[in-house]
Amino acid sequence: MQHGRADAAVAGKVSAKTEATADCCASPSLISVDQALSHILDSASPVEQTELINIENASGRVLAEALKSTINVPGYDNSAMDGYAVRSAECTVPGVSLKISQRIPAGQTGVKLEAGTAARIFTGAPVPEGADAVVMQELCQQQGDVVTVNKAVKAGDNIRRAGEDIEKDSVILKAGTRIRPQEQGLIASIGQAKVTVKRKLKVATFFTGDELVEPGNELAQGQIYNSNRYTLNGLLQSAGCEVTDFGIVPDTLDATLDVLKRAAADADLVLTSGGVSVGEEDYVRIALEQLGELSMWRINMKPGKPVAFGKVDNALFMGLPGNPVSVFVTFIIFARPLIVKMQGAEKYLSNQLSIRSGFEWKGMKRQEYLRVRIRHDESGAFAELFPHQGSGVLSSASWADGLAIVEPGNDIHVGDVLKYIPFQGLY
Ligand code: AMP
Ligand code: MG
């Protein structure tokens with residue numbers, strides 16, 4: 001996702017100057033998504049501490065230092081096929097017959113290939129000295145100890161060269177790489193059993209609202225279940241964070257101050273839901289201003305207008321809105337890039353793709369993040385819209401494959417190309 005430089009005004013509280021210059025279509029006192037993201041990312045630095053861990057536990061972790069290979073991979077020229085190793089100069093035309101002089105399975109080493117002979121060879125076995133090509137067995141005919149090669153052969157055919165994957169002394173992965181299963185395999189392929197990674201990011205969460213009840217309990221009139229807890233903690237766990245959950249917090253200033261103090265004491269980031277609007281029962285922003293600093297608050301987006309960002313002691317703070325879809329969307333747009341940057345990863349912005357719209361949409365002043373599903377027709381992929389886009393309709397996020405972005409003031413017609421953030425890869 002692109003983001004411009006943060007306006008000086010963003011770093012302080014939102015000001016009239018920011019609104020006027022940020023975006024012609026923005027509502028009063030809102031900053032653009034790009035400005036907000038830019039400001040958030042500029043406030044974050046990667047954790048410094050590292051730890052040495054076994055590669056089997058390294059999925060999702062971030063490499064703290066570059067990894068160099070001390071070996072070639074493959075370590076030797078080897079056969080890419082089950083077949084026959086030959087001297088290509090002896091097989092320039094189809095139909096040449098050669099005596100089979102040796103048999104080389106994977107894991108064994110042959111001897112020098114004598115002129116006029118072929119070696120029976122299997123995938124992964126070292127190509128014997130003297131041979132410079134392998135012919136796949138389907139193109140050969142074996143009778144007794146003689147093989148007829150029914151193909152003209154070129155030097156290098158079906159040979160995997162030493163070092164063609166990884167060259168000795170080369171850097172295979174840079175510091176800041178997030179380790180996926182393919183990197184776990186790559187690290188194993190150079191023989192390394194342990195890697196130095198950044199320590200896990202410590203994230204504290206709490207969930208404000210007198211109406212909240214944990215699932216498994218009966219609801220009284222006016223109560224709802226604390227679904228945000230499971231969405232948010234799940235997203236954090238998928239992002240590889242160490243989560244400390246402070247649970248449900250009542251809507252009082254004292255309770256909010258108390259939990260914020262405790263949450264910030266040992267966290268890199270405090271992430272909350274609810275209580276950041278302008279209602280009389282919204283205490284998160286006030287508590288943040290009392291204990292630390294609020295540097296950014298209202299964003300020109302839907303869902304998710306109120307996102308409070310700041311600092312308490314050594315912890316960064318992000319207060320997400322209360323509405324369940326807003327939590328999900330603002331986590332993807334703001335919290336995840338912040339977290340990934342703090343984890344020390346080089347690539348921390350989400351993948352933004354393009355998708356053809358399969359729906360009509362009347363744009364509004366705010367930037368919208370619509371829940372869409374990817375479908376296919378004869379022209380390829382297109383986005384189908386979930387019919388109910390309310391910020392409380394969590395089914396929309398469950399139904400969808402990703403978010404289609406509608407920029408402020410844009411009307412969307414069927415066939416228009418939209419920016420699209422797939423959920424895949426985010427958790
Ligand atoms: P708030 O931002 O606190 O005014 O909350 C906005 C809306 O989100 C209200 O309808 C809340 O009931 C709802 N909400 C707040 N917190 C949660 C939560 N943890 N789980 C589900 N819904 C919530
Ligand atoms: Mg509330």
Side-chain angles (χ1 to χ4, degrees), residues 14 27 29-30 36 203-238 241 243-260 262-263 267 269-290 294 296-310 317-336 366 368-369 371 386 388-400 427:
V14 177
S27 313
S29 78
L30 301 179
V203 183
T205 55
F206 63 84
F207 306 88
T208 70
D210 283 339
E211 72 278 34
L212 300 179
V213 172
E214 283 303 318
N217 297 292
E218 290 284 318
L219 287 181
Q221 189 62 31
Q223 295 184 320
I224 61 165
Y225 288 117
N226 181 9
S227 64
N228 289 349
R229 178 186 196 183
Y230 300 88
T231 309
L232 200 54
N233 290 354
L235 286 163
L236 288 167
Q237 272 149 14
S238 300
C241 300
V243 181
T244 308
D245 180 356
F246 287 80
I248 295 171
V249 176
D251 288 319
T252 68
L253 182 58
D254 281 351
T256 313
L257 285 168
D258 172 65
V259 71
L260 185 53
R262 288 186 290 124
L269 172 68
V270 179
L271 205 54
T272 68
S273 88
V276 284
S277 295
V278 285
E280 283 160 29
E281 300 292 328
D282 294 322
Y283 293 105
V284 170
R285 197 167 39 85
I286 301 165
L288 176 64
E289 285 180 310
Q290 287 197 13
L294 169 79
M296 189 199 85
W297 177 36
R298 302 180 78 217
I299 303 167
N300 191 40
M301 69 187 290
K302 189 183 177 187
K305 182 166 62 178
V307 175
F309 182 72
F317 175 89
M318 189 180 284
L320 304 180
N323 277 309
V325 181
S326 309
V327 167
F328 184 67
V329 170
T330 52
F331 181 91
I332 290 170
I333 303 304
F334 300 115
R336 194 175 190 282
R366 285 193 267 158
E368 291 173 274
Y369 292 86
R371 275 74 68 212
F386 189 78
H388 195 337
Q389 293 284 325
S391 61
V393 182
L394 195 52
S395 324
S396 67
S398 173
W399 175 90
Y427 45 82

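All of these numbers come straight from a predicted model, not from anything done at the bench. In listed order, ligands and their atoms are each counted from 1.
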Polar side-chain atom of Gln389 near backbone of Arg371 as donor-acceptor pair, under 3.5 Å: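 Yes.
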
Name the one of Val284, Asp282, Thr272 that satisfies side-chain contact (heavy atoms from CB on, under 4.5 Å) with Thr256?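 Option passing the side-chain contact (heavy atoms from CB on, under 4.5 Å) with Thr256: Val284.
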
side-chain contact (heavy atoms from CB on, under 4.5 Å) partner of Phe206, chosen from Thr244, Leu232, Leu260, Ile248: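 Testing Phe206 for a side-chain contact (heavy atoms from CB on, under 4.5 Å) against Thr244, Leu232, Leu260, Ile248 leaves exactly one candidate, Leu260.
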
Can you sort out the partners of Tyr230 under side chain to side chain donor-acceptor pair (under 3.5 Å), two or more places apart, ordered by chain and number?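 For Tyr230 the side chain to side chain donor-acceptor pair (under 3.5 Å) partners, ignoring immediate neighbours, are Glu214.
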
Please enumerate all residues that pass ring-ring contact (aromatic ring centres under 6.0 Å, His included) together with Phe309, with sequence neighbours excluded.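 Partners of Phe309 under the ring-ring contact (aromatic ring centres under 6.0 Å, His included) test: His39.
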
List the residues meeting ring-ring contact (aromatic ring centres under 6.0 Å, His included) with Phe386, not counting sequence neighbours, and say none if there are none.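 With neighbours one apart ignored, the set is Trp399.
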
Which protein residues have a heavy atom closer than 4.0 Å to any atom of ligand 1, listed by chain and number?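 Lining ligand 1: Thr208, Glu211, Leu212, Ile224, Tyr225, Asn226, Ser227, Asn228, Ser273, Gly274, Gly275, Asp282, Gly322, Asn323, Pro324.
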
